[in-house]
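Worksheet for the structure shown next.
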Amino acid sequence: MSEPNAAVSANKLMDFLKELGPAFWIVVAVLALLPVVGGFLLNDYIYHLIILTLMWSIMGMAWNLLGGFTGQVSFGHAAFFGTGAYTGGLLAFKLGISAWYGLLLGGFVAVALGAVIGWICFRLRGPYFALATLALAEIMRLVANNWVDFTNGPMGIQVQRTFTTKLPYYYIVLTLAAVTYLVIRAVIASKLGYYFVAIREDQDAAEAMGIPTARYKRLSLYFSAFFMAMAGAFYMVYMGYIDPHVVYALHDISIITIMVAMVGGVATFWGPPVGALIMILIGELFRRLPWAGTAHLTFFGILLIVIIIYMPNGVVGDTHKLFGFLRRPVSRAPGPMTAEKP
Amino acid sequence: MLQVKDIDVFYGDVQVLWGLSFEVHQGEVVALVGANGAGKSTTLRAISGLAPLRRGEIMLRQQPLHQTPGYRIIEHGVAHVPEARRLFSDMTVRENLIMGSLKKGAREQREQSLEQVFHTFPRLAERARQLAGTLSGGEQQMLAIGRGLMSKPKLLMFDEPSLGLAPIVVKQIFEVVRQVREQGVTVLIVEQNVTQTLQIADRAYVLENGRITLEGPCRELITNDYVKKAYLGI
């Protein structure tokens, strides 16, 4: 019995690897070898930027599964990020267990939270769903801020950092990002991917085709929440300090996560990593300017408007527009589903 | 085959259907005709489980259908070709058709059904790898019907298949409805195009403001003075 099954899954794995293509392995290999080969190029600051980029990639990819592929735009993903961070932090703070366990455990706590949020918010559609998620993330922030006995409130939680150098964090977050990419890619390649996109395209029609839309929207949310929380837990162990205003932030987490996905390319696989890189670089650029202050947020807003108008599929989805002046015009723009999955 | 008994449907506080009752027998083509806002589409949405009933019941072969969640209706052999096509526009033609054959029973016959649909609509075969959103209106309607047929339905419900199409395409679509019926599928069709619908259907119900005001065999309705004046413009 097991042999034919094993053959089928081996075949499926081969198909998946073929579809995955070389780009993923090249990027991972380059990043993995960078410290070995090009160590002289790197200092702590550069490491920090790459680590943040990879962390934001995870967050963007997590959001993109729910918001991009399944079409359920969330304005409250900080709820899951913060929950992951606080799961790790509280393990150390309350129980004296290593905060590293938060990477997995935080994910599961976020899935449980996702069950509650999904139960409440998936009764609503479109903008109403988005607003409900926004409100719930704000509620989480206020609870974390005021429930001082449990969360230490606005004083936050401080955890001793495990490593004094950046290098271990670099490899850990690279692994997490690679795993996130592979899992999301595999989910979209499976029948789940078809169901998710069908729900995005037309929920009623999907329901009439026999897809239990409520169940699959929740499933998409669980995957999304898990990886978002994993990034949050990583933030905890990497930064060593969290407080409610940082990890449950509306603009610094929820909105920037959406921007990472939108700037890079909604419903593309490489969009969130590219978006994360662009956002981190722009953020750092503005930090360098002495007169800018927090004006980078203004610039992010302008960037978002420009992207929505001129590149609605993001940098990855609309690459042909970016380099269009170098080439002959392309006759037909591929849609988000077919762009990377013909 | 299908019995709708005394149903009330509300959108929020607004009552759309008022004690609506009608029947569709095995092998028939039944039409629901009426003006905009009469509640025709809502009736189909209620049968498909997309609009909840406040009162009344919907029976399919003596089984209550209104207690079945929307995504399971298709398992009972009821397929809905929704108004304005409602295709998955960022998926290809082929992918759209595959989405129509998710239920057990249809999945095993997927390749066969695909061939059959491509035989009925050669245009779809030509465009199998094209995105559904880039098809013309008529092709989209064919795809929506093809997607409905992929589930091997016993009852196929058409919601305004002629909407927004050129007269010549409308003719083709009605021809397809006839073919579907010849394959042994029972048809419930909702239309504003009363003249043509009454020509292909066996019986019809006239819907006005959420109530049925007239019913009967189509050849009688065509000659009915009220129908002539109100819907046929004679």
Side-chain angles (χ1 to χ4, degrees), chain A residues 19 64 67-72 122-125 128 188-220 265-269 271 312-314 317-318 330-342, chain B residues 41-42 44-51 68-107 129-134 140 143-144 146-153 156-157 159:
Chain A
E19 197 190 281
N64 196 30
F69 287 104
T70 319
Q72 309 300 312
F122 278 141
R123 288 147 200 268
L124 305 166
R125 291 187 184 188
Y128 301 102
I188 295 301
S190 73
K191 73 167 189 186
L192 286 182
Y194 279 90
Y195 289 9
F196 290 167
V197 173
I199 290 169
R200 175 188 76 196
E201 298 287 296
D202 194 321
Q203 193 178 323
D204 283 346
E207 182 93 12
M209 294 298 112
I211 299 171
T213 53
R215 189 185 309 163
Y216 283 98
K217 283 198 289 186
R218 283 201 303 268
L219 200 58
S220 177
V266 170
T268 63
F269 294 116
N313 296 319
D318 283 330
V330 185
S331 58
R332 187 176 67 87
M337 260 307 273
T338 50
E340 297 188 336
K341 202 183 148 197
Chain B
S41 299
T42 305
L44 293 196
R45 287 175 58 85
I47 297 169
S48 285
L50 296 172
T68 314
Y71 63 89
R72 304 202 59 170
I73 301 277
I74 199 161
E75 291 171 18
H76 296 267
V78 177
H80 190 166
V81 179
E83 188 174 8
R85 279 77 85 172
R86 307 291 286 265
L87 298 170
F88 305 117
S89 51
D90 268 342
M91 292 188 184
T92 65
V93 168
R94 199 187 153 83
E95 284 170 337
N96 265 278
L97 290 172
I98 286 173
M99 295 304 292
S101 60
L102 295 178
K103 70 155 193 180
K104 270 194 211 92
R107 207 180 306 162
R129 299 182 66 83
Q130 196 171 321
L131 292 187
T134 63
Q140 288 192 9
L143 180 53
R147 190 177 64 179
L149 288 171
M150 287 295 289
S151 69
K152 298 271 161 198
L156 189 54
M157 305 191 293
D159 196 348

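Proteins get letters first, then strands, A, B, ... in listed order; numbering begins at 1 in each.
For chain A, the nearby part of Leu50(B) is the side chain; its heavy atoms alone come within less than 4.5 Å. Neither the backbone nor the side chain of Ser48(B) comes within less than 4.5 Å of any heavy atom in chain A.
Among Gly133(B), Ser89(B), Ser101(B), Pro82(B), the residue making the largest number of heavy-atom pairs under 4.5 Å with chain A is Ser89(B).
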Between Val197(A) and Glu95(B), is a side chain to side chain contact (heavy atoms under 4.5 Å, CB included) present by the stated rule, with each step listed?
-> CA-CA 11 Å; Val197(A) 173; Glu95(B) 284 170 337; over 6 Å; no

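Met91(B) approaches Tyr194(A) most closely through the heavy-atom pair CE-O, 3.4 Å. Between Met209(A) and Gly100(B), the closest heavy-atom pair is SD-CA, 3.6 Å.
With sequence neighbours left out, the salt bridge (charged side-chain N to carboxylate O under 4.0 Å, His left out) criterion links Arg72(B) to Glu75(B).
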Using residues 211-219 of chain A as the side-chain source, report each donor-acceptor pair under 3.5 Å to any protein atom, sequence neighbours left out, with the distance given to one decimal.
from	atom 1	to	atom 2	distance (Å)
Thr213(A)	OG1	Glu207(A)	OE1	2.5
Arg215(A)	NH2	Tyr71(B)	OH	3.3
Lys217(A)	NZ	Gln203(A)	OE1	3.4

